[in-house]
Amino acid sequence: MADPTWRQPDMQQNAPSSEPIVSLRNVQKSFGPLRVLDGVSFAVERGEVLALIGRSGSGKSTALRCIDRFEKVDAGEIVVCGHRVDRPDVNLRALRQDVGIVFQSYNLFPHLTIEQNITLAPCAVKGLSGSQAKDLAQKVLAQVGLEEKLHAYPEQLSGGQQQRAAIARSLAMQPKVMLFDEVTSALDPELTGEVLKVIEQLAADGMTMVMVTHEMGFAKGIADRIVFMHRGKVHETGAASILTSPTTPELTQFVGTGNLKS
Amino acid sequence: MSLQLDFPAVLERWPSFLAGAALTLELAAFATVLGALFGTLAAVGRGTHNALIAGACKVYVETIRNTPLLVQIFLVYFGLASLGLKFSAFTVAVAALTINVGAYTAEIMRAGFEAIPRGQIEAAEGLALSRLQIYWHIILLPAIEKVYPALTSQFVLLMLASSVCSQISAEELTAVANYIQSDTYRAFETYIIVAVLYVILSLVMRAGFWGLGLVLFPRRRRLGTPL
């Protein structure tokens, strides 16, 4: 990457920090009578890529959404970039400046051009001038290979392009950690490939990432660590190699059901 | 049975007709702008988590939508008078029309707000935008775009309904017509002319809203697709 402008200055140091960027400790969360998270703990170190995998309903998306406080936890501790996310008095806007999130359904703002989608938050939240923000938009769009779509509206883009634009929009806020919530689940295999390539490049540049994914081949290739969730618990965790030699019967069954391509 | 129409006898009063039409348009313009603001605030209020504000907005909307405009106008007119406050008929008319159209605007805007996908708001929250910024940058214009035809029809209806302001002697088009027909004894001709003038005013307003739409919705101007 020629110009990794989204990096925080301190991200370029390779010295491992003592504090993890994201840590969940014994997190509990119920929707009504349904216990979705039943004592979930994991941590993400600086520069690490963590893949959350598991069946639908295993709680992996909820766990991810708790990190950015789109869900409030019932009990347990979540610390993200120094923010105590589990506390009611957490400064949400400060937290969300440190955390970027990309959704399955892109959620670009349909009435704004791609450039306006990207420049809105840097101008409104960080107080960048219009010309600074426009330069930034060009840089992040170049990172995802969409320079020529600056003035297009979201509906004029393919699903893969919209998702890459959504990633660029998050990058423009220069987050310290990026969350990806099944970002390729709405895309066909070809478009999935172009989005995964962008994420791979981010990983290579040292971005800290937590991703919920059903792309086992991709998770195996990119993730430093895998967290396999089952019935609201972290059932098995370890390096990417656990996908090829799982120890629990549940993960064996999960990766054996044709999920692991390549 | 023979029908004899004498338009010249009525048309020689054209300056009065024009003045009346101008005042009708002025009433409609003021009430549209104020009612749009007021109604949008009421729609936001109905959506807040504050039960008191949401309840007050609901009572306002339901009260206005279930009472006749003429009664509302009299309530404002005589209500202010009995408080010892003196306002011109025009001011009272604008106030009453604003209160009336604000309630309908609130319901239409609420529909627009509810049509914004939840994911849009989550994406905006994820980018650390404040609640106010989310309303302003993410919700407001798309909501207006989604309900624009209903909204503009409501404002044209308001202009037509302003004819009942003749009852508190605001000198708008219908009030002028009432004077002219009692002067000339040419009621049928008078109201034919008034009807034509209302049609023209409606077309003027619709053209205005069409132009405003081009300014407000650049995406639609460029792509022509619904949001």
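Throughout, a chain's letter reflects where its sequence line sits, starting with A, and its residues are numbered from 1.
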Is chain A contacted by the side chain of [X], its backbone, both, or neither, given a heavy-atom distance below 4.5 Å?
X         : answer
Arg222(B) : side chain
Leu127(B) : both
Pro218(B) : both
Leu223(B) : side chain

For [X], does the [atom1] atom sit with more than 12 other heavy atoms under 6.0 Å from it, leaving out its own atoms?
X         : atom1 : value
Leu52(B)  : CG    : no
Phe30(B)  : CZ    : no
Tyr77(B)  : OH    : no
Leu85(B)  : CG    : yes
Arg131(B) : CZ    : no

Pairwise distance [atom1]([X]) to [atom2]([Y]) - rounded to 0.5 angstrom:
X         : Y         : atom1 : atom2 : value
Tyr153(A) : Leu227(B) : OH    : CG    : 10.5 Å
Phe103(A) : Gln120(B) : CZ    : CD    : 10.5 Å
Arg219(B) : Thr113(A) : CZ    : OG1   : 12.0 Å
Phe70(A)  : Arg118(B) : CZ    : CZ    : 8.0 Å
Ile134(B) : Phe109(A) : CD1   : CZ    : 8.0 Å

Go through the atoms of [X] and report whether side chain, backbone, both or neither lie under 4.5 Å from a heavy atom of chain B.
X         : value
Glu155(A) : side chain
Leu179(A) : neither
Arg169(A) : both

(message) Please give me the minimum heavy-atom distance between Glu125(B) and Arg96(A), naming the atom from each residue.
(response)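 Closest approach of Glu125(B) to Arg96(A): O-CD, 3.0 Å.
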
(message) Restricting to non-hydrogen atoms, name the atom on Ser130(B) and the atom on Arg93(A) that form the minimum distance, rounded to 0.1 Å.
(response)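 In this case the closest contact between Ser130(B) and Arg93(A) is CB-NH1, 3.4 Å.
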
(request) Could you tell me whether the side chain of Gln133(B) and the main chain of Ala124(A) form a donor-acceptor pair under 3.5 Å? (result) yes

(message) Any side-chain to backbone donor/acceptor pair from His111(A) onto His137(B)? Under 3.5 Å, distance only.
(response)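 Side chain of His111(A) to backbone of His137(B), a donor-acceptor pair under 3.5 Å: yes, one is there.
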
(message) Tell me which of these, Leu108(A), Val102(A), Ile101(A), has more heavy-atom pairs under 4.5 Å with chain B than the rest.
(response) Leu108(A)

